[in-house]
Amino acid sequence: MDRNEIRRLQKAARDNNKLALAEWGNQFENQIRDELNRKFKVFYDNEVQEAIDNFCIIIAYTFMFSEHTNIKADDLADFMSDLFATVDLYSKGEFNMEEYASQMEEEGVDIKDLLNRRYNK
């Protein structure tokens with residue numbers, strides 16, 4: 001709270017102006033809410049970005065060290081570029097999840113089984 005806000009509050013209190021006090025309270029509440037929303041958005045965006053970065057590292061690690069894929073470092077960089085391009089196409093709305101799933105199912109991938117592996121350990 002800055003000096004101007006303190007002065008406004010003091011004047012409203014000194015004048016015993018209930019409407020001015022209520023107005024000050026509402027404005028102060030809005031200022032606090034707006035500031036908290038801004039801070040939360042920054043925090044949330046940072047948390048989401050960290051989660052995405054971590055998941056990308058996990059994907060790369062798994063591709064590199066899985067006994068089924070055993071991808072080499074040069075190929076891994078190309079794969080990750082493809083992955084990021086695919087995500088970018090999705091984020092721009094050029095593709096959607098249904099299209100991705102449909103193309104994979106046409107190639108014989110059971111999407112439900114693929115996703116259920118996450119939950120059935």
Side-chain angles (χ1 to χ4, degrees):
M1 184 174 353
D2 65 13
R3 287 183 185 176
N4 289 333
E5 284 302 313
I6 292 172
R7 286 184 190 130
R8 282 185 58 224
L9 176 58
Q10 286 173 329
K11 181 174 180 351
R14 187 175 42 246
D15 295 346
N16 198 22
N17 186 334
K18 292 180 182 174
L19 289 176
L21 282 169
E23 179 185 330
W24 180 88
N26 287 333
Q27 288 175 353
F28 188 65
E29 179 183 6
N30 290 337
Q31 288 174 357
I32 291 172
R33 183 183 312 109
D34 291 346
E35 181 63 23
L36 287 174
N37 283 337
R38 277 191 294 277
K39 287 182 179 185
F40 176 78
K41 182 175 179 354
V42 168
F43 175 80
Y44 178 79
D45 289 347
N46 289 338
E47 288 293 310
V48 167
Q49 188 58 55
E50 183 178 344
I52 291 169
D53 291 347
N54 289 343
F55 202 69
C56 288
I57 291 169
I58 291 168
I59 290 169
Y61 179 90
T62 304
F63 264 101
M64 191 161 192
F65 295 106
S66 170
E67 59 192 48
H68 299 288
T69 56
N70 197 19
I71 193 169
K72 301 299 178 221
D74 292 342
D75 294 332
L76 180 61
D78 291 339
F79 169 78
M80 293 306 287
S81 291
D82 287 346
L83 174 66
F84 297 137
T86 303
V87 170
D88 192 47
L89 289 170
Y90 172 76
S91 67
K92 290 179 179 177
E94 295 180 35
F95 282 95
N96 60 49
M97 283 302 133
E98 291 78 22
E99 290 172 306
Y100 289 153
S102 174
Q103 288 178 1
M104 291 175 61
E105 287 174 347
E106 287 173 10
E107 295 295 321
V109 175
D110 183 344
I111 298 297
K112 288 180 183 175
D113 178 60
L114 186 71
L115 295 175
N116 282 335
R117 291 172 187 267
R118 173 179 176 196
Y119 304 105
N120 299 326
K121 297 176 183 162

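Hydrophobic cluster membership differs between Leu115 and Ile58, with clusters built from Ile, Leu, Val, Met, Phe, Trp and Tyr side chains linked at under 4.5 angstrom. Val48 and Phe55 end up in different hydrophobic clusters when Ile, Leu, Val, Met, Phe, Trp and Tyr side chains are linked at under 4.5 Å. The same ILVMFWY cluster, assembled from side-chain heavy atoms under 4.5 Å apart, contains both Phe95 and Met97.
In this structure, Phe63 and Phe79 have tilted ring planes: the angle between them lies in the 30° to 60° band. The aromatic rings of Tyr44 and Phe40 sit parallel to each other, their planes meeting at less than 30°, with 60° as the upper class boundary. Using cut-offs of 30° and 60° on the angle between ring planes, the pair Phe65 and Tyr61 is tilted.
Note: Phe28 CZ to Arg33 CZ = 12.5 Å, rounded to the nearest 0.5 Å. Put simply, CD1 on Ile71 and CE on Met80 are 10.0 Å apart, with the number rounded to the nearest 0.5 Å. Interatomic distance, CE of Met64 versus CG of Asp75, reported as 10.0 Å (0.5 Å rounding). To the nearest 0.5 Å, atoms OG1 (Thr62) and NE2 (His68) are separated by 11.5 Å.
Using a distance-only test at 3.5 Å, with no hydrogens or angles considered, a donor-acceptor pair links the side chain of Asn30 to the main chain of Asn26. For Asn46 (side chain) and Val42 (main-chain N/O), a donor-acceptor pair under 3.5 Å exists by modelled atom type. Side-chain atoms of Asp88 never come within 3.5 Å of backbone atoms of Phe84 as a donor-acceptor pair (strictly under, hydrogens ignored). Ser102 contributes no side-chain N or O that, together with a main-chain N or O of Glu99, makes up a donor-acceptor pair within less than 3.5 Å.
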- Cys56 and Ile52: CA distance, side-chain angles, deciding distance, side-chain contact (heavy atoms from CB on, under 4.5 Å) verdict: CA-CA 6 Å; Cys56 288; Ile52 291 169; 4.2 Å; yes

- Task: Kindly indicate, with the supporting measurements, whether the criterion side-chain contact (heavy atoms from CB on, under 4.5 Å) is fulfilled by Leu9 and Leu21.
- Result: CA-CA 7 Å; Leu9 176 58; Leu21 282 169; 3.8 Å; yes

- Query: Hey, mind stepping through Leu114 and Met104 against side-chain contact (heavy atoms from CB on, under 4.5 Å) and telling me if it holds?
  - Reply: CA-CA 11 Å; Leu114 186 71; Met104 291 175 61; 4.0 Å; yes

- Task: In sequence, state the C-alpha distance, the side-chain angles, and the governing distance for Ile111 and Val109, and then conclude on side-chain contact (heavy atoms from CB on, under 4.5 Å).
- Result: CA-CA 6 Å; Ile111 298 297; Val109 175; 4.0 Å; yes

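Using a 3.5 Å distance cut-off with no hydrogens or angles, the side chains of Glu23 and Gln27 do pair a donor with an acceptor.
Residues Arg38 and Asp34 meet the side-chain proximity criterion, which asks for heavy atoms closer than 4.5 Å. Contact of the Glu50 side chain with the Asn54 side chain is registered, since non-hydrogen atoms from C-beta on lie closer than 4.5 Å. For the pair Glu5 and Gln31, the minimum side-chain heavy-atom distance is below 4.5 Å.
A salt bridge links Arg117 with Asp113; the closest basic N to acidic carboxylate O contact falls under 4.0 Å.
For Ile59 against Leu83, the heavy-atom pair with the smallest separation is CD1-CD2, 4.2 Å.
In Asp53, the CG atom is crowded: over 12 heavy atoms of neighbouring residues, nucleotides or ligands sit closer than 6.0 Å. Counting heavy-atom neighbours within 6.0 Å of Arg3 CZ, excluding the residue itself, gives a total of 12 or less.
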